[in-house]
Protein chains: 2
Amino acid sequence: MVMRLFQSETVLCEGVTFAQFCILDHAASRGGRIGLSDLHGLLSVEKSTTTRMVGPLVRRKLMEKATSAHDSRAIDLVLTEKGNEMHEQVWKCLSGFLEGVMRRIPGDRRHEVLDALGIFIRSIRRCCGENAGGACDCE
Amino acid sequence: MVMRLFQSETVLCEGVTFAQFCILDHAASRGGRIGLSDLHGLLSVEKSTTTRMVGPLVRRKLMEKATSAHDSRAIDLVLTEKGNEMHEQVWKCLSGFLEGVMRRIPGDRRHEVLDALGIFIRSIRRCCGENAGGACDCE
DNA sequence: ATTTTTGGTTGTGTATTACAACTATAATGA
DNA sequence: TCATTATAGTTGTAATACACAACCAAAAAT
């Protein structure tokens with residue numbers, strides 16, 4: 001079972017939706033270049049959906065399509081200058097929000113909370129079979 | 001900004017979707033009866049959507065429509081016997097899943113993790129202005 | 001008594017997806 | 001090497017999930 005968050009077209013920040021930010025971020029975390037086909041898995045969507053999700057980013061010149069080095073069918077998405085700036089901008093906006101959340105956690109417990117959150121998320125992941133097919137069988 | 005989880009029609013358990021379970025659960029937690037109009041807010045959807053989400057539950061006789069005591073326009077949803085059983089069934093299934101997650105958290109930290117999770121969620125809520133209009137302004 | 005507001009339904013448009021069909025390239029294998 | 005099969009991406013289409021608007025009936029306000 002796939003669980004998606006923030007899938008609406010609603011703009012998150014700077015005219016970028018959450019899904020779009022995810023794509024920018026995945027690219028950024030890999031040095032600004034990512035194979036289109038890698039995105040299917042990362043976003044848990046069909047390849048046709050990936051095509052369509054990437055569209056607006058390319059149209060707005062936040063990313064560029066480049067043919068992959070070793071496979072002329074495959075496409076790499078490359079962060080443009082503008083895309084990089086946008087990514088940082090949105091990150092700033094997001095961390096602003098996170099800071100707000102943090103401010104509401106008693107100072108002496110912040111570390112504990114973040115730590116516990118990590119444990120919880122990893123537990124769910126392991127319980128759901130990580131990337132392997134759903135061992136998360138609810139019958 | 002509205003954030004929705006598990007909105008797909010995908011069956012969660014026992015032929016009940018997550019949204020349907022939420023409705024059953026809200027009713028159950030209020031003694032088996034809930035005003036249809038209360039659901040709009042609880043589910044964060046338009047009233048037209050509520051109407052449509054409730055449809056299948058009524059058709060499957062998990063809930064019944066009853067005219068509200070003090071307003072002949074308003075409708076109350078009442079859990080049927082069957083609906084109550086279904087609710088418990090799905091709860092069992094869900095807690096089975098949660099147990100699986102818990103088993104993967106070191107025993108001596110379980111309490112801490114749950115505790116921290118509560119703090120985190122409350123912080124987000126307060127940060128986003130609880131039920132008041134979005135103070136969660138990202139900008 | 002008339003007007004306005006509110007609860008619910010239905011009609012309709014838009015967005016988000018998956019699935020299938022198709023093209024082009026790559027890999028396999030006889 | 002040539003035929004087969006697999007893979008990358010795009011486009012067409014259908015299903016779903018929702019909001020918004022128009023509507024009716026009942027309630028509240030004037």
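It should be emphasised that the depicted structure is a prediction, and the values quoted were computed from it without experimental measurement. Chain A is the first sequence line, chain B the second, and so forth, proteins listed ahead of strands; every chain is numbered from 1.
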Mutual orientation of the aromatic rings belonging to B:F21 and B:H87 [parallel < 30°, tilted 30-60°, perpendicular > 60°]: parallel
Its contact letters, B for base, S for sugar-phosphate only and - for none at protein heavy atoms under 4.0 Å, make nucleotides 8-16 of chain C read BBBBB--SS
Which part of the nucleic acid, if any, lies within contact of B:T67, taking any heavy atom under 4.0 Å across all strands shown: a base, the sugar-phosphate backbone alone, or nothing? nothing
Which protein N or O atoms sit under 3.5 Å from an N or O of nucleotides 2-4 of chain C?
none

Stepwise, does the side-chain contact (heavy atoms from CB on, under 4.5 Å) test hold for A:I75 with A:V54? CA-CA 11 Å; A:I75 287 179; A:V54 157; over 6 Å; no
Check: A:L98 main-chain N/O paired with A:S95 side-chain donor or acceptor under 3.5 Å: no
Any chance NZ of B:K61 has more than 12 other-residue heavy atoms, nucleotides or ligands included, within less than 6.0 Å? no
With heavy-atom distances below 4.5 Å as the criterion, would you say the side chains of A:D38 and A:R30 are in contact? yes
Residues two or more places apart in sequence or in another chain: which of them pass side-chain contact (heavy atoms from CB on, under 4.5 Å) with B:T17? B:E9, B:A19, B:Q20
Could you tell me if the side chain of A:S72 sits less than 4.5 Å from the side chain of A:T67, heavy atoms only? no
Under 4.0 Å from any heavy atom of chain A: name the first and the last nucleotide of DNA chain D that qualifies, 5' to 3'. D:dA6 to D:dT13
Distance-only criterion, 3.5 Å: show the donor-acceptor pairs between side-chain atoms of residues 110-120 of chain B and protein atoms not counting sequence neighbours.
residue, atom, partner, partner atom, Å
B:R110, NE, B:M102, O, 3.0
B:R110, NE, B:I105, O, 3.1
B:R110, NH2, B:M102, O, 3.4
B:R110, NH2, B:I105, O, 3.3
B:E112, OE1, B:R109, NE, 3.2
B:E112, OE2, B:R109, NH2, 2.9
B:D115, OD2, A:R109, NH2, 3.0

For residues B:L57 and B:L77, determine if any side-chain heavy atom of one lies less than 4.5 Å from a side-chain heavy atom of the other. no
Validation row: A:L12, A:L94 side chains within 4.5 angstrom (heavy atoms): yes
Side-chain heavy-atom pair A:M63, A:I23 within 4.5 angstrom cut-off: yes
Taking for B:D71 and for B:S44 the nucleotide of DNA chain D with the nearest heavy atom, the one nearer the 5' end belongs to B:S44
Considering all heavy atoms of both residues, which atom of A:V101 and which atom of B:C127 are nearest to each other, and what is their separation? N-SG, 3.8 Å
Find the bend of the helix from C:dA1-D:dT30 to C:dA30-D:dT1 as the angle between its two terminal axes (five pairs each), to the nearest 10°. 10°
Close side-chain approach of B:I34 to B:L42, heavy-atom, < 4.5 Å: yes
